[in-house]
Amino acid sequence: MIRVAQAACRAKLDSLITTTLPTERPSRYNNGLSNLGETLMAVFTPLSDAQVAAFLEKFDVGSFVSLKGVANGTENSTFFVTTDRRELVLTLFEQGEHAELPFFVELLDYLDEHRLPVPGTIHDREGIALHSLEGKPALLFPRLPGRHPEAPNVAQCHALGDTLGHLHVVSKRFPGHRPNPRDLNWLQVMHHKVLSYLSPADQTLMKDEVDDFESAFMRHGELPQGALHGDLFRDNTLFEGDQLGGIIDFYNGCTGDLLFDLAIVINDWASNDDGTLNAERYNTLLSAYLARRPLTADERELWPTMLRMTALRYWLSRLLVVYVDPPAHDLTPHDPERFRTILTARIAHGALPLPEVSA
Ligand SMILES: Nc1ncnc2c1ncn2[C@@H]1O[C@H](COP(=O)(O)OP(=O)(O)O)[C@@H](O)[C@H]1O
Ligand SMILES: N[C@@H](CCOP(=O)(O)O)C(=O)O
């Protein structure tokens, strides 16, 4: 059954993919924000009202009123739950190493305790956060306010930069440990898996870049470390107007180079359609971040390389989904080409200068 679903998925992906072709094509990929009418999965494991009502009895959150599957989940099954006292989110974990879930709980709770706008997990009456429902690990969260910003304005970029800087200052002292699963070591190993699907020019591009990252990082000592969100795209934030209501989806959270997190954010939040950096969003977001956490000399030197490395990280992870390891369910894949475009723009133009911030 799974084999049939995977074959169908691969055929569908192959019919969509044109990554290595120089022709223009209409984008039928998920940009993570705007194509909710397509084949995004809502919920992989359905739950009944009665199941959720019984589950809620373990917690001090009020009585069950209603349940709604969330349409734009991509990896887990997410539900909005209303009780007579509050709005909640219930997540069933469909993927990943379940042994890693305590790390995510500890990270979210730590950041919540330090007043970052994240959904700290709700613990039951006995103090337990991680439960099981319908055979899947389950967590309950407060529902945070707001919507994902598709085209973030300057005030939203400022809010995000300020909060990420605050998060990194706090997360330096987070005691947990989960090595970054998408770091340079991962790139070095995994890029070989997609080379045969790429044009000769793209193969050279990818190989040369990985070699370049290796020599650039070898020339420096360890960069400032801490806990990272690891995937802080616009669709993992919620805004009410210009107010950042929440940062969600910490399931790429890990510990490692703080600069890696910042570069992911700049590539998603401050890139123009042609992949070049948007000076206004770049300067605003970075000024707010740097006011919280100035970069070290090594970080400043490695900044253009880190922007390229995190662009390649997504080009590669998206290619892997398309060609090597498609999900068993009928998900619209993220567009790998977007990050090839960003990568080539960073190679052509470098990074813009880092803004000067007075201490
Ligand atoms: N705590 C929360 N508050 C408000 N909305 C949430 C919360 N957690 C998740 N959501 C909503 O559910 C969607 C899917 O959640 P997410 O954790 O990103 O799942 P997935 O990992 O499956 O993509 C989000 O895009 C958001 O709209
Ligand atoms: N948000 C990412 C997907 C998460 O990264 P992965 O390496 O865990 O697949 C994207 O936009 O591609």
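The figures that follow rest on heavy atoms only: side chains count, while hydrogens, waters and symmetry mates do not. Values in this document were obtained by computation on a predicted structure and should not be read as measured data. Numbers here are sequence positions counted from 1. In listed order, ligands and their atoms are each counted from 1.
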ask   = Between Arg143 and Phe80, is NZ or CZ placed under 6.0 angstrom from the six-membered ring centre and within 45° of the ring axis?
value = yes

task = Please work out whether the ring planes of Phe104 and Tyr251 are parallel, tilted or perpendicular, with thresholds of 30° and 60°.
result = perpendicular

inquiry  = List ligand 2 atoms under 4.0 Å from Arg318, heavy atoms only on the residue side.
reply    = 10 (C), 11 (O), 12 (O)

inquiry  = With a 4.0 Å cut-off on N to O distance, would you call Asp273 and Arg338 a salt bridge?
reply    = no

task = Find out whether the Lys NZ or Arg CZ of Arg300 is both under 6.0 angstrom from the six-membered ring centre of Trp303 and within 45° of the ring's axis.
result = no

query = Starting from atom 4 (C) of ligand 2, which protein heavy atom do you reach first, and at what distance in Å?
reply = Asp231 OD2, 3.7 Å

request  = Determine whether the aromatic ring centres of Tyr289 and His168 lie less than 6.0 Å apart.
outcome  = yes

request  = Return the protein residues near ligand 1 (heavy atom under 4.0 Å from any of its atoms), ordered by chain and residue number.
outcome  = Val70, Asn72, Gly73, Thr74, Glu75, Asn76, Thr78, Phe80, Val89, Pro119, Pro142, Arg143, Leu144, His148, Asn236, Leu238, Ile248, Asp249

task = Please identify which atoms of ligand 2 are closer than 4.0 Å to at least one heavy atom of Ser317.
result = 7 (O)

query = Of the choices Arg182, Arg338, Arg313, His334, which has the non-hydrogen atom that lies closest to atom 5 (O) of ligand 2?
reply = Arg313

ask   = Which class fits the ring pair His131 and Phe55: parallel under 30°, tilted 30 to 60°, perpendicular over 60°?
value = perpendicular

task = Specify whether Tyr323 and Tyr197 have parallel, tilted or perpendicular ring planes, treating 30° as the upper limit for parallel and 60° as the lower limit for perpendicular.
result = parallel

note = At under 4.0 Å between heavy atoms, what of Val321 touches ligand 2? The answer is neither

request  = Using a strict cut-off of less than 4.0 Å between a Lys/Arg side-chain nitrogen and an Asp/Glu carboxylate oxygen, indicate whether Asp268 and Arg234 qualify as a salt bridge.
outcome  = yes

ask   = So, Asp212 and Arg308, do they make that salt bridge, N to O below 4.0 Å?
value = yes

inquiry  = Which of the numbered atoms in ligand 2 are under 4.0 angstrom from any heavy atom belonging to Asn252?
reply    = 4 (C), 8 (O)

